[in-house]
There are 2 protein chains.
Amino acid sequence: MFRKLPVSTIERLSLLYHHCRRLRAERIERVSSSRLGADLGIPAHTIRKDINFLGEVGDTGSGYDVSRLQRHLAESMGFDQPHKTCIVGLGRLGSAFLSYSQLEPDGFPITAAFDSSINRLETIRTDIPLFPAHEIAEVVRREQIEMALLTVPAESAVEAAESLAHGGIKGIVNFAPVFVNPDPDTIAVRNMNVVNELRILSSLSTLKEANPQPLPEKNKGD
Amino acid sequence: MFRKLPVSTIERLSLLYHHCRRLRAERIERVSSSRLGADLGIPAHTIRKDINFLGEVGDTGSGYDVSRLQRHLAESMGFDQPHKTCIVGLGRLGSAFLSYSQLEPDGFPITAAFDSSINRLETIRTDIPLFPAHEIAEVVRREQIEMALLTVPAESAVEAAESLAHGGIKGIVNFAPVFVNPDPDTIAVRNMNVVNELRILSSLSTLKEANPQPLPEKNKGD
DNA sequence: GCGTGTGAACTGGTTCACAGCG
DNA sequence: CGCTGTGAACCAGTTCACACGC
């Protein structure tokens with residue numbers, strides 16, 4: 001249908017979808033691109049361009065109907081269907097997600113969780129079914145799990161990702177500080193690495209000091 | 001010195017720096033751009049271009065000296081100095097970081113942590129100094145804290161970010177699902193939102209199904 | 001010959017400017 | 001008159017191709 005959405009556009013539309021839900025919760029029914037831009041830190045014309053990838057949705061002269069916009073986003077990007085998700089690695093971070101109740105209502109029900117330590121599996125108390133790591137592929141396939149949060153130590157990340165691939169996973173959010181992608185043609189990976197983000201921030205600030213110029217202004221109107 | 005590094009280049013160089021440390025730990029002293037590219041999922045010529053922003057560093061015909069490369073990266077991007085870091089919000093996620101011992105050796109010592117619940121502050125046992133949220137600005141300024149991990153609920157994020165700004169923070173890693181940036185000219189923000197990453201993954205997979213074409217190959221050699 | 005360094009060509013995402021419509 | 005929609009212009013980053021040094 002909509003070939004070739006730039007990834008950056010997908011990222012922004014995903015943000016936008018979330019913002020629509022928020023606006024609806026606040027009973028706001030109508031919003032302009034410039035308002036959206038200010039709220040999300042994105043230039044207004046970029047917002048309009050992005051939305052137009054989905055076809056015409058706005059009402060000329062009076063902005064966007066929040067509900068309609070949300071519906072359009074949900075339908076065309078698949079935000080309306082839930083996607084079964086699993087957690088691989090139940091250290092501190094994985095455990096935190098295990099009890100992060102926001103995932104289910106946002107469309108990502110945690111359907112299974114894995115750890116290589118049987119000991120640890122027996123200790124954790126939760127309603128979510130827990131399995132040993134060697135059953136990853138089997139369970140993912142059986143339960144048709146699409147998404148994975150990969151929260152294992154760096155040493156185990158590649159192997160765990162391969163198991164997920166064997167199970168037919170569709171996407172991985174990788175928290176380990178190593179590159180994993182068993183099969184780039186089939187599996188998408190997003191990396192979330194705190195230390196790396198901190199490094200990026202620190203070099204941005206270092207480079208800025210060395211060359212004092214304001215960061216490009218991004219959240220103004222048109 | 002090196003004006004105008006694209007942010008994407010900074011991101012890759014930061015990854016590269018981390019990889020250098022790993023290689024050195026494995027006693028690997030010499031590496032080619034194509035090898036680096038394969039390890040990091042980045043095309044080899046992009047690696048070379050990125051590295052060249054720092055000036056000539058490689059040895060023609062025989063790749064890069066890992067130690068020298070690491071040193072160059074550290075010096076020009078400020079990776080060698082430690083940057084004091086704080087945690088704002090001690091829920092599950094914030095607490096996980098509080099005991100994530102990797103931050104200190106990677107150059108981001110946790111110097112303080114904050115929460116608005118005095119009760120919670122009294123419960124947590126740690127060597128890191130804890131403070132009530134209303135002291136954020138004061139402590140950040142006094143301790144010269146540069147970085148913050150913002151792990152508060154969405155409702156409190158904007159306010160917390162403003163306090164950090166008052167304290168003169170340089171960078172914020174924002175885990176809350178709202179846009180925060182009190183002062184784009186002075187403060188850099190990186191957003192890490194699991195639900196958003198999951199949505200991006202799900203729409204990538206949805207759009208791919210609707211239009212079955214392989215994702216662009218990224219981790220091949222030259 | 002292998003692997004870096006780099007100017008040149010390219011590509012595609014972002015920005016602009018304005019037409020069109022309520 | 002405000003705000004969307006959009007083709008055109010722009011520009012930044014990526015990709016290419018090849019010269020040069022080991």
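Throughout, a chain's letter reflects where its sequence line sits, starting with A, and its residues are numbered from 1.
- One can place CG of B/Asp65 at 15 Å from C1' of C/dG3, the figure rounded to the nearest angstrom.
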Protein-nucleotides 20-22 of chain C N/O pairs under 3.5 Å:
none

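- Under 4.0 angstrom from either OP1 or OP2 of D/dG2 there lies no side-chain N or O belonging to A/Ser32.
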Candidate pair B/Leu73 and B/Ile51, rule side-chain contact (heavy atoms from CB on, under 4.5 Å), full reasoning: CA-CA 9 Å; B/Leu73 286 165; B/Ile51 292 178; over 6 Å; no
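- Pairs of residues two or more places apart, or lying in two chains, that qualify as salt bridge (Lys or Arg N to Asp or Glu O under 4.0 Å) and include a residue from residues 189-198 of chain A are A/Glu11-A/Arg190, A/Arg190-B/Glu197, A/Glu197-B/Arg190.
- Atom-to-atom, CG of B/Asp50 to C1' of C/dT6 comes out at 14 Å; the value is rounded to the nearest Å.
- In this structure, CG of B/Leu5 is placed 10 Å from P of D/dG13, rounded to the nearest angstrom.
- Atom-to-atom, CG of B/Leu69 to P of C/dT4 comes out at 11 Å; the value is rounded to the nearest Å.
- The environment of A/Arg30 atom CZ is dense: over 12 non-hydrogen atoms of other residues, nucleotides or ligands sit within 6.0 angstrom.
- At D/dT14, one or more side-chain N or O atoms of B/Ser8 fall inside 4.0 Å of OP1 or OP2 (strictly under the cut-off).
- The nearest whole Å value for the distance from the NE2 atom in A/His45 to the C1' atom in C/dG13 is 12 Å.
- If you take NZ of A/Lys4 and C1' of C/dT11, they are 10 Å apart, rounded to a whole angstrom.
- In this structure B/Arg68 satisfies the salt bridge (charged side-chain N to carboxylate O under 4.0 Å, His left out) test together with B/Asp59, sequence neighbours excluded.
- Proximity of residues 9-29 of chain A to DNA chain D (heavy atom under 4.0 angstrom from any strand atom) is not detected for any residue.
- Between the CZ atom of B/Phe53 and the C1' atom of D/dT14 there is a distance of 10 Å, rounded to whole Å.
- Between B/Ser33 and C/dT4, a side-chain N or O to OP1/OP2 separation shorter than 4.0 Å is present.
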Hey, can you pull the donor-acceptor pairs under 3.5 Å for the side chains in residues 104-112 of chain B, sequence neighbours left out?
unit_1	atom_1	unit_2	atom_2	d
B/Asp106	OD1	B/Arg21	NH2	2.6
B/Asp106	OD1	B/Gln102	NE2	3.4
B/Thr111	OG1	B/Pro109	O	3.2

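- Rounded to the nearest 0.5 Å, atoms CZ (A/Arg199) and OG (B/Ser14) are 5.5 Å apart.
- Within 6.0 Å of atom CZ in A/Arg35, 12 or fewer heavy atoms from other residues, nucleotides or ligands are found, so the atom counts as exposed in its surroundings.
- Proximity of A/Tyr64 to the phosphate of D/dG2: no side-chain N or O atom is located under 4.0 Å from OP1 or OP2.
- By the 4.5 Å heavy-atom criterion applied to side chains, B/Phe79 and A/Ser203 are counted as neighbours.
- With hydrogens and angles ignored, a donor-acceptor pair under 3.5 angstrom links the side chain of B/Lys49 to the base of D/dT15.
- Here C/dG5 is the nucleotide among C/dG5, D/dT6, C/dT15 with the atom lying nearest to any side-chain atom of B/Asn52.
- Within the structure, the side chain to side chain donor-acceptor pair (under 3.5 Å) test picks out no pair touching residues 152-166 of chain A (sequence neighbours left out).
- Between B/Ile47 atom CD1 and D/dG13 atom P there is a gap of 17 Å when expressed in whole angstrom units.
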